[in-house]
Amino acid sequence: MGKSSKDKRDAYYRLAKEEGWRARSAYKLLQIDEEFSLFEGVTRVVDLCAAPGSWSQVLSRVLIKGETFGRAGWQEKQAATRDYVLGMKKAKLMEEQMEKLEVKDVKPKLREGVRIVAIDLQPMSPLEGVTTLRADITHPSTIPLMLKALDPDTYDPKSSTASSPVDLVISDGAPDVTGLHDLDIYVQSQLLWAALNLALCVLKPGGKFVAKIFRGKDVDVLFAQLKIVFDRVRVAKPRSSRASSIEAFVVCEGFCPPAGFKPSLDQPLGAGTQIPTPLENAKPKRQTTQRVREDGCIEINLSSESEDEDDIEEGGKRWIAPFLACGDLSAYDSDATYHLPTDRVSLDPIQPPTAPPYRRALEMRKLAGGAYGKTKLRDNKEA
Ligand code: SAM
């Protein structure tokens, strides 16, 4: 979580620090759960691109500690906190309210056989009940690492699938954004395909997959591919994700690969590949063809055997993923600026970055005697 002036005005940035989340992204997952009951019946999860770990925190608190964050839980707390953030109540009063609002009547729902594996390029500080791996999700060597972390006792190095599959794979992967839209969208889509290929190795039939997407013009290609292996594919925009951002989340439910489908590491899925159907006579539930239109857009056509004819655009067969805004309308608007009380204290981040890319720059600045020293260094260099 940075400290730019935009971040400081953002209600979710502050709320995350007040409620003990490592990043404001926690609210995105909570709001997606609110809409799709994501964690219902879930015990085994893989969290991809997980650092600094707010999504893993949500998983740990829901699956291991049995906390509730549904409408009954976190929204009431949020309402109390909102009064504070809007400057109508003082901090003391809010603390009392928060205590009162602890959901006392709801007994924690403890789940058995919980396994959470979190993977990121960056190191991640430990979290209760979460196995963390430092690895690149785009690299094939990550698959055996992930499979071993999921089933340390029954792991078979010859197999590319999990011996006990998982209920849910989530991915919040994002590259360091360059500001060059096409490049950012391309790199992000590569992360998404990598996440999907990992998910195909570990998901159980009926499992769910949630991943960040940047809504570029070719996003339909992805939806069409996803629609072949999942019963339901929808796009979610949580209120905590800024409307001004092209970010959204694809929420896929009911994993149902075509008969005989085996994930292949030699031929991973990507924008230019089709889901293979290795068994004779085995036919994917829905066939897709792609063509580049005159206007440069890629058009995806689903076969007329599609079960989802209602979803198909009139006059053609292009399938449009339903788009859902999620998070209650009373939740904060992440694009709005909220008035802050003047006696407000600035809180430190819950988990400072473990290995920030700017660490070396800070060390150099310190060695040079701070910002003034840095100016002197630069002056000397220029001289
Ligand atoms: N969901 C996280 C949370 O709640 O704290 C925030 C994720 S952050 C937006 C995006 C993460 O993607 C970064 O930590 C980055 O290191 C990770 N990432 C980017 N490329 C990756 C890759 N190839 N393999 C693994 N992680 C990657």
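Ligands are counted one by one from 1 in listed order, and the atoms in each one are counted from 1 as well. Reckoned from all heavy atoms, side chains included, excluding hydrogens, waters and symmetry mates.
Between E253 and K208, no side-chain nitrogen of the basic residue sits less than 4.0 Å from a carboxylate oxygen of the acidic one, so the salt-bridge criterion is not met. A salt bridge between K212 and D172 is present, with a side-chain N of the basic residue lying under 4.0 Å from a carboxylate O of the acidic one. Between E247 and R215 no salt bridge is recorded (no basic side-chain N to carboxylate O distance below 4.0 Å). Of the charged side-chain nitrogens involved, at least one lies within less than 4.0 Å of a carboxylate oxygen, so that R44 and D151 count as a salt-bridged pair.
For ligand 1, the atoms lying closer than 4.0 Å to a non-hydrogen atom of P52 are 5 (O). Counting the atoms of ligand 1 from 1 in the order shown, those under 4.0 Å from a heavy atom of A50 are 2 (C), 3 (C), 5 (O). Set against the non-hydrogen atoms of G53, the atoms of ligand 1 under 4.0 Å away are 3 (C), 5 (O). Annotation for ligand 1: atoms under 4.0 Å from non-hydrogen atoms of S25 are 4 (O).
Residue contacts with ligand 1, taken as heavy atom pairs separated by less than 4.0 Å, involve S54 via backbone and side-chain atoms alike.
Proximity annotation for atom 23 (N) of ligand 1: of V177, D136, I119, L48, D136 comes nearest, heavy atoms only. For the residues I170, T142, D120, the heavy atom positioned nearest atom 16 (O) of ligand 1 is part of D120. For atom 25 (C) of ligand 1, the nearest non-hydrogen atom from the set L191, D176, L121 belongs to L121. Among A174, A51, P123, the residue whose heavy atom lies closest to atom 6 (C) of ligand 1 is A51.
Annotation: T138 places no N or O atom under 3.5 Å from an N or O atom of ligand 1; distance criterion only. Close N/O approach between K212 and ligand 1 is not found [any backbone or side-chain N/O within under 3.5 Å]. Looking at ligand 1, you won't find any N or O of P175 less than 3.5 Å from one of its N or O atoms.
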D167 and K204: CA distance, side-chain angles, deciding distance, salt bridge (Lys or Arg N to Asp or Glu O under 4.0 Å) verdict: CA-CA 6 Å; D167 308 290; K204 64 154 74 150; 2.6 Å; yes

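For the pair R22 and W55, the cation-pi criterion (under 6.0 Å, within 45° of the ring axis) is not fulfilled.
In this structure, a donor-acceptor pair under 3.5 Å is absent between the side chains of E34 and Y27.
Separating the CG atom in D33 from the SG atom in C326 is a distance of 10.0 Å, to the nearest 0.5 Å. For the atom pair SG (C252) and CD (Q225), the distance works out to 12.0 Å, reported to the nearest 0.5 Å.
Counting only heavy atoms of the protein, atom 27 (C) of ligand 1 lies nearest to C49 SG, 3.5 Å. Nearest protein heavy-atom contact of atom 24 (N) of ligand 1 is I137 N, 3.0 Å. Closest to atom 1 (N) of ligand 1 among all protein heavy atoms lies D172 OD2, 2.8 Å.
Connection of M146 to L191 is established within a shared hydrophobic cluster, with ILVMFWY side chains joined at heavy-atom distances below 4.5 Å, either directly or through further cluster members.
In summary, of the residues considered (V130, V117, T131, V45), a side-chain contact (heavy atoms from CB on, under 4.5 Å) with S56 occurs for V130 alone.
Ligand 1 is approached by A135 to a heavy-atom distance shorter than 4.0 Å. Assignment of Q122 to the shell around ligand 1 is supported, since a heavy atom sits closer than 4.0 Å.
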